[in-house]
Asks: 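Got a structure for you, questions after.
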There are 2 protein chains.
Amino acid sequence: MTADPSPPVRLPEPPTRPTLTREYLATAALALIDTHGLRKFSMRKLGAAVGFDPMAVYRHYADQEDLFDGVAEALFAEIDVGTLPWDGPWRRLARDYCLRLRDTLLRHPHAVQVFATRPVRSPASIDTGVKMLTKLRDDGIPPAQALRLFRCLREFTVGHALAIAVTRLGAGRRSRRPGPGSPDYNLLAEAADATTPDDHFEAGLTAILHGFEQPAP
Amino acid sequence: MTADPSPPVRLPEPPTRPTLTREYLATAALALIDTHGLRKFSMRKLGAAVGFDPMAVYRHYADQEDLFDGVAEALFAEIDVGTLPWDGPWRRLARDYCLRLRDTLLRHPHAVQVFATRPVRSPASIDTGVKMLTKLRDDGIPPAQALRLFRCLREFTVGHALAIAVTRLGAGRRSRRPGPGSPDYNLLAEAADATTPDDHFEAGLTAILHGFEQPAP
DNA sequence: AGTTTAAATCTACATCGTAGACAGAGGCGA
DNA sequence: TCGCCTCTGTCTACGATGTAGATTTAAACT
């Protein structure tokens with residue numbers, strides 16, 4: 001070590017900084033959003049957070065909209081659709097897909113609205129759609145009807161995740177819920193006390209899944 | 001006119017500029033968002049658009065978040081729940097409520113995400129909730145179960161409106177859908193051609209409405 | 001009239017998204 | 001090997017933006 005004459009100090013490890021990648025930037029952006037919230041996120045902070053120039057991101061994404069598309073893609077990738085029960089009955093497959101989607105989104109409450117506010121058209125997403133429709137068709141469900149079913153499931157699931165994320169994050173920002181005995185303790189407050197904010201989700205899934213059993217007349 | 005000595009000129013009509021109101025600001029903000037998009041909206045533009053100082057808005061709303069709460073409230077008011085068929089069967093009432101909510105949101109595609117990303121806790125919204133639960137309870141549905149049902153309906157409806165608004169606004173931003181004959185014309189594209197982006201909505205409502213018929217065991 | 005108070009205005013600041021010019025490094029044909 | 005080209009990252013710059021704070025104006029009340 002001390003024998004090397006020319007450089008006065010050999011840094012212990014040039015901390016492997018090859019180049020930036022779209023994928024890496026997207027996941028880094030997601031991590032930033034997770035920890036500091038969507039409101040505080042900025043392109044410059046992302047560049048700085050990964051140890052590059054604040055403007056470096058623009059070499060890989062045209063603008064913030066483009067970056068957020070990448071974040072949505074990263075979220076979809078996290079669902080890991082490959083490990084879904086593709087060989088089981090289609091109803092279970094669809095149900096598990098929705099549960100996974102919900103869990104994934106709720107793991108990133110600050111990023112849910114990024115996912116919810118854009119149509120995800122990534123190849124991975126399209127492939128999954130094709131695979132789903134193919135399976136349902138093989139089980140006798142016409143693709144058009146299957147697509148309608150999945151649109152329902154997806155909109156419900158995303159709407160649910162968004163609602164849950166938003167109430168969890170915004171908790172405390174507004175008035176507390178009235179407790180029993182308060183003049184505002186109405187039927188709604190009473191019912192809210194008798195439920196959890198999310199104990200309707202699986203029932204909703206079941207309802208949609210069963211409502212689509214019989215094909216359109 | 002000319003006899004009045006003290007003011008040199010009497011303006012023909014002081015164009016009725018009394019003071020700003022929270023409500024007026026909220027609807028003006030909604031109008032601005034409608035015409036120029038949420039992205040281009042700013043607090044200063046709102047102040048200027050209503051003919052006041054750019055900073056005037058902050059006298060009535062603490063910050064942008066607060067303003068958007070007001071915008072969501074204005075959207076809810078536009079549903080005009082008072083004219084719903086409160087005397088008909090509850091299923092029809094709930095269905096019409098969802099349809100109205102969807103139509104209202106889709107009339108403001110740029111503002112849907114403002115509505116979707118906050119829990120609306122306005123008095124008007126709470127009153128509606130109480131009225132709904134009361135009606136359902138009178139029809140034999142336990143309030144907790146009714147609340148679960150309405151959460152499903154609401155999340156589905158908002159999720160749907162958001163999805164539709166987002167695809168309509170973003171149309172053209174990305175690759176066109178592959179046409180028949182293209183190598184990418186897969187089962188998904190085929191099914192998409194056989195459906196409209198929203199012809200599943202009413203079926204979804206029906207499914208949820210029927211799935212909740214039998215109370216939890 | 002004088003005083004209190006709310007509403008509106010003005011100034012100021014840090015930050016943001018993004019455009020555009022510039023720099024170094026690696027590849028590649030000559 | 002040389003010169004060139006392209007790709008990535010850097011730097012500077014500009015016009016907004018959200019919001020804090022001091023200041024003015026006008027209305028309301030005593």
Side-chain angles (χ1 to χ4, degrees), chain A residues 7 11 14-30 32-33 35-72 110-111 113-114 117-118 169-170 173, chain B residues 6-11 13-30 32-33 35-72 110-111 113-114 117-118 170 173:
Chain A
L11 291 177
T16 57
R17 197 185 87 150
T19 73
L20 286 176
T21 315
R22 278 178 68 95
E23 246 196 72
Y24 177 63
L25 280 172
T27 61
L30 178 54
L32 263 190
I33 292 171
T35 53
H36 295 104
L38 185 58
R39 203 103 218 142
K40 305 267 195 184
F41 175 85
S42 82
M43 300 292 278
R44 306 163 108 111
K45 281 179 189 163
L46 174 58
V50 295
F52 285 76
D53 186 90
M55 302 285 98
V57 187
Y58 285 97
R59 286 288 149 199
H60 302 266
Y61 287 101
D63 52 20
Q64 195 173 74
E65 194 65 14
D66 195 17
L67 204 223
F68 283 174
D69 286 352
V71 172
H110 290 283
Q113 67 171 295
V114 173
T117 53
R118 66 203 71 239
L169 294 178
R173 196 164 56 85
Chain B
S6 61
V9 178
R10 172 80 84 179
L11 292 178
E13 182 68 43
T16 59
R17 198 185 84 151
T19 75
L20 252 18
T21 315
R22 277 177 70 94
E23 246 196 72
Y24 176 62
L25 280 173
T27 61
L30 179 55
L32 262 190
I33 292 171
T35 53
H36 295 104
L38 185 59
R39 202 103 218 143
K40 304 269 194 181
F41 175 85
S42 83
M43 300 293 276
R44 307 164 108 109
K45 282 179 189 162
L46 173 58
V50 296
F52 284 76
D53 185 89
M55 301 286 98
V57 187
Y58 284 97
R59 284 285 142 199
H60 302 266
Y61 287 100
D63 52 19
Q64 196 173 74
E65 194 66 14
D66 194 17
L67 204 223
F68 284 174
D69 285 352
V71 171
H110 290 281
Q113 68 171 292
V114 173
T117 53
R118 67 203 69 238
R173 196 163 57 85

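Values reported hereafter were calculated over all heavy atoms of this structure, with side chains retained and with hydrogens, waters and symmetry mates removed. Since this is a predicted model, take the numbers as computed values, not measurements. Below, read A as the first sequence line, B as the second, and so on, with proteins coming before strands; counting in each chain starts at 1.
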Asks: Write down the atom of Leu32(A), the atom of Ala49(A), and the distance for their closest heavy-atom approach.
Replies: CD1-CB, 3.9 Å

Asks: So how far is it from Leu30(B) CG to Leu67(B) CG, rounded to the nearest 0.5 Å?
Replies: 10.5 Å

Asks: Of Arg59(B) and Leu20(A), whose nearest nucleotide on DNA chain D comes first from the 5' end?
Replies: Leu20(A)

Asks: Please determine if a side-chain N or O atom of Lys45(B) lies less than 4.0 Å away from the OP1 or OP2 oxygen of dT17(D).
Replies: yes

Asks: Mind checking the CZ-OG1 spacing from Arg22(A) to Thr27(A)? Nearest 0.5 Å is all I need.
Replies: 12.5 Å

Asks: Give every pair of a protein N or O atom and an N or O atom of nucleotides 13-15 of chain D that lie under 3.5 Å apart, one pair per line with the distance.
Replies:
| residue | atom | partner | partner atom | Å |
| --- | --- | --- | --- | --- |
| dA13(D) | N6 | Arg44(A) | NH2 | 3.4 |

Asks: Does dT8(D) have OP1 or OP2 sitting under 4.0 Å from an N or O in the side chain of Thr19(A)?
Replies: no

Asks: Can you check the Arg39(A) CZ to dC16(C) P distance for me, whole Å?
Replies: 13 Å

Asks: How close do Ala26(B) and Tyr61(B) get, heavy atom to heavy atom, and via which atoms?
Replies: CB-OH, 3.7 Å

Asks: Can you find a heavy atom in the side chain of Phe41(B) that is under 4.5 Å from one in the side chain of His36(B)?
Replies: no

Asks: Starting at CZ of Phe52(A) and ending at P of dA23(C), how long is that distance when rounded to a whole Å?
Replies: 20 Å

Asks: Please report, rounded to the nearest Å, how far the P atom of dT15(C) is from the CG atom of Asp63(B).
Replies: 18 Å

Asks: Within this structure, what is the CD-to-P distance between Glu65(A) and dC16(C), rounded to whole angstrom?
Replies: 18 Å

Asks: Are any of His60(A)'s side-chain N or O atoms less than 4.0 Å away from OP1 or OP2 of dC7(D)?
Replies: no

Asks: Hey, does Thr21(B) have a side-chain heavy atom less than 4.5 Å from the side chain of His60(B)?
Replies: no

Asks: Rounded to the nearest Å, what distance is computed from the CG atom of residue Asp53(B) to the P atom of nucleotide dT11(C)?
Replies: 10 Å

Asks: Looking at side-chain heavy atoms only, is the closest gap between Arg39(A) and His110(A) below 4.5 Å?
Replies: no

Asks: Let me know the distance between CE of Met43(B) and C1' of dT15(C), rounded to the nearest Å.
Replies: 17 Å

Asks: Rounded to whole Å, please give me the gap between CG in Leu46(A) and C1' in dT18(C).
Replies: 15 Å

Asks: Whole angstrom is fine here: how far is it from OH in Tyr58(A) over to C1' in dA21(C)?
Replies: 17 Å

